[in-house]
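See below for the structure under consideration.
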Amino acid sequence: MKTILNHLHDPHFNLALEEYVLKHMDCEEDILLLWVNAPSVIVGRNQVVYGEVNVEYCKKHDIPIIRRISGGGTVYHDLGNLNFSIISKHYQDVLKNYRSFTQPVVDFLQQMGVNASFSGKSDLVIGTDKFSGNAQMYHQKKMLHHGTILFETNLDTLSKVLKPKTKDIASVAVDSNRSRVTNVNTHLKTSMDIDVFKTALLKYWLNTEDIQSHFLSLCEADLKAIEALKQEKYLSWGWNFGESPAFEIQKTIGEHALKVSIKDGLIETLVLTTPILSLHFNQFYGSRFEKEAYELKLNTIDASLKKSLEPFTKTLFE
Ligand SMILES: Nc1ncnc2c1ncn2[C@@H]1O[C@H](COP(=O)(O)OC(=O)CCCC[C@@H]2CCSS2)[C@@H](O)[C@H]1O
């Protein structure tokens, strides 16, 4: 097994690096990446951001929302959350996969006296509380398995950033499996910091004290390509919000209901229904479903019509 050392906390870069290693680096042996992101929200490939994330809270606190290439639900990352990725040409059938790829984490924690175990389809738990979520994706006979380890994450922020399940959004999108979560550090006999934990896990996984002999390094051209992927994909609105499954959002205030349908992140229809009529606002067609763009459009329409829509602005993007 090989590893690529990465001390960077830039989530856009780190997701680009992972995708690059999966798609462009050829290695017979498995590659293990251990990485830590600055505060960020990572949504699954087939999710609707507005159904999962408190977008306004994230904006206010400069927490980026980023779509990843694997399926599954939404997770919160910060400097207390350790991610692991394995890029492998050697994998068995799908169900066994999740167990076998996460077994080293379970074994490592167990030998530290933590009662960790595999649970459900793809979680790791201590007791009944989840500390690790996992997802996978295949690419040309290679598999990316990745997972989180909540080590000393701010669980208060986690709960503010992730939304409870909402009935306001209709879509075929993937829903997150909301769970009760716990930090590994609180279960250790002697506490340690995440860097020490990361190095110890790396040595355990590689089964050696000499981790250097397992290093794979990136060349100048690799770094350039990763940087380009970061800029063009992971930092783009088109990927993070535009590559969303279509969805319909409905909000009701008193006897007025507003229904907006969104495709590729853009508004297709926006209809206000009152007890006496239905108003179709074609002015919004094609504009981004996001608060700023919506407010700009709102300012261009007739004052009396604007007045009927205004009460919905806050709740629509909450
Ligand atoms: N960081 C983290 N770790 C574990 N569990 C979390 C985390 N953040 C949130 N959650 C809980 O999991 C559910 C979502 O569970 P769900 O099963 O729906 O989704 C996942 O687990 C996806 C894991 C993706 C892992 C990737 C690895 C590298 S980049 S992201 C959420 O509602 C919370 O209750």
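Positions are given from 1, in the same order as the sequence printed here.
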| query | Under the side chain to side chain contact (heavy atoms under 4.5 Å, CB included) criterion, do Phe101 and Met143 qualify, and how do the steps go? | reply | CA-CA 11 Å; Phe101 279 114; Met143 137 88 83; 4.0 Å; yes
| query | Run the side chain to side chain contact (heavy atoms under 4.5 Å, CB included) check on Thr153 and Val181 step by step: do they pass? | reply | CA-CA 10 Å; Thr153 286; Val181 289; over 6 Å; no
| request: Could you go through the side chain to side chain contact (heavy atoms under 4.5 Å, CB included) check for Val48 and Ile262 one step at a time? | output: CA-CA 10 Å; Val48 171; Ile262 295 112; over 6 Å; no
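Inspection of the Asn154 and Asp78 side chains reveals no N or O donor paired with an N or O acceptor under 3.5 Å. Judged by distance alone, the side chains of Tyr76 and Asn81 never bring a donor and an acceptor atom under 3.5 Å apart. No hydrogens or angles considered: nothing links the side chains of Thr313 and Glu295 as a donor-acceptor pair under 3.5 Å. There is no side-chain donor-acceptor pair under 3.5 Å between Thr208 and Asp210. Side-chain contact, Asn134 with Ser122: no donor N or O sits under 3.5 Å from an acceptor N or O. His145 and Asn97 form no side-chain donor-acceptor contact under 3.5 Å, judged by distance and modelled atom types alone. Side-chain contact, Gln283 with Thr300: no donor N or O sits under 3.5 Å from an acceptor N or O.
Here the straight-line distance linking atom CG of Leu316 with atom CD1 of Ile249 works out to 5.0 Å at 0.5 Å rounding. Taken to the nearest 0.5 Å, the CD atom of Glu152 stands 10.5 Å off from the CG atom of Leu82. To the nearest 0.5 Å, the span separating CG on Asn83 from CG on Leu33 amounts to 10.0 Å. Between the NE2 atom of His146 and the CG atom of Leu22 there is a distance of 10.0 Å, given to the nearest 0.5 Å. Separation of atoms CZ (Phe281) and CG (Leu272) is listed at 5.5 Å; rounding is to 0.5 Å. Annotation: the span from Thr166 atom OG1 to Gln250 atom CD amounts to 11.0 Å, rounded to 0.5 Å.
One hydrophobic cluster holds both Leu15 and Ile87 under the rule that ILVMFWY side chains link at heavy-atom gaps under 4.5 Å. Cluster membership for Leu158 and Val49, using ILVMFWY side-chain heavy atoms within less than 4.5 angstrom, is shared. Neither Val21 nor Leu34 shares a network with the other; the hydrophobic side chains, linked directly or stepwise wherever heavy atoms of I, L, V, M, F, W or Y lie under 4.5 Å apart, form separate groups for each. Cluster annotation: Val53 and Leu235 are assigned to distinct hydrophobic clusters (Ile/Leu/Val/Met/Phe/Trp/Tyr, side-chain heavy-atom contacts under 4.5 Å, transitive). When the side chains of ILVMFWY residues are joined at heavy-atom separations under 4.5 Å, either directly or via intervening members, Met137 and Tyr98 end up in two distinct hydrophobic clusters.
Side chain of His9 to main chain of Val36: a donor-acceptor pair is present (N/O by atom type, distance under 3.5 Å, no hydrogens or angles). In this structure a side-chain-to-backbone donor-acceptor pair under 3.5 Å is present from Gln47 to Val174. A distance-only check finds a donor-acceptor pair linking the side chain of His214 to the backbone of Met1 [under 3.5 Å]. Between the side chain of His24 and the backbone N or O of Tyr20, no donor-acceptor pair lies under 3.5 Å. Under the 3.5 Å distance criterion, the side-chain polar atoms of Ser179 are matched with a main-chain donor or acceptor of Asn177. Judged by distance alone, with hydrogens and angles left aside, the side-chain atoms of Ser40 form no donor-acceptor pair with the main-chain N or O of Ile63 at under 3.5 Å. With Asn54 contributing its side chain and Lys160 its backbone, the two residues share a donor-acceptor pair below 3.5 Å.
Remark: of the listed residues Arg178, Lys165, Arg67, Arg178 is the sole one forming a salt bridge (charged side-chain N to carboxylate O under 4.0 Å, His left out) with Glu52. Among Lys89, Lys2, Lys142, the single residue meeting the salt bridge (charged side-chain N to carboxylate O under 4.0 Å, His left out) criterion with Glu28 is Lys89.
Between Asn240 and Ile65, the closest side-chain pair of non-hydrogen atoms is not below 4.5 Å. Using a 4.5 Å cut-off on side-chain heavy atoms (C-beta onward), Phe215 and Thr3 make contact. Residues Pro275 and His256 form a side-chain contact, since some pair of their non-hydrogen atoms from C-beta on lies under 4.5 Å apart.
With a 6.0 Å radius and a threshold of 12 heavy atoms from other residues, nucleotides or ligands, Gln212 has its CD atom at or below the threshold.
Closest of all the heavy-atom pairs between Thr74 and Ser176 is N-OG, 2.8 Å. Taking both residues in full, the closest heavy atoms of Thr273 and Ser278 are given as OG1-OG, 3.5 Å, listed atom of the first, atom of the second, then distance. Nearest heavy atom pair, residue Thr269 against residue Ser261, reads OG1-OG, 2.6 Å. Nearest heavy-atom pair across Leu206 and Ile211 is CD1-CG2, 3.7 Å. Contact record, Ala173 with Pro245: CB-CG, 3.7 Å, taken as the closest heavy-atom pair. A pairwise comparison of heavy atoms in Phe312 and Lys251 identifies CE2-O, 3.3 Å as the closest pair.
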Show the atom names and distances, to 0.1 Å, of all donor-acceptor pairs under 3.5 Å that link a side chain in residues 192-205 to residues at least two apart or in another chain.
unit_1: Asp193; atom_1: OD1; unit_2: Asp195; atom_2: N; d: 2.9
unit_1: Asp193; atom_1: OD1; unit_2: Val196; atom_2: N; d: 3.1
unit_1: Lys198; atom_1: NZ; unit_2: Asn6; atom_2: O; d: 3.1
unit_1: Thr199; atom_1: OG1; unit_2: Asp195; atom_2: O; d: 3.0
unit_1: Lys203; atom_1: NZ; unit_2: Glu209; atom_2: OE1; d: 3.4

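In this structure, Tyr50 and Phe241 have tilted ring planes: the angle between them lies in the 30° to 60° band.
Ion pairing between Lys224 and Glu220 fails under the 4.0 Å rule for side-chain N and carboxylate O. Between Glu18 and Arg68 there is no salt bridge, since none of the side-chain N atoms of the basic residue sits less than 4.0 Å from a carboxylate O of the acidic one. Classification of Lys59 and Glu56 as a salt-bridged pair holds, one side-chain N sitting under 4.0 Å from a carboxylate O.
For Phe131 and Phe151, the ring centers sit 6.0 Å or farther from each other.
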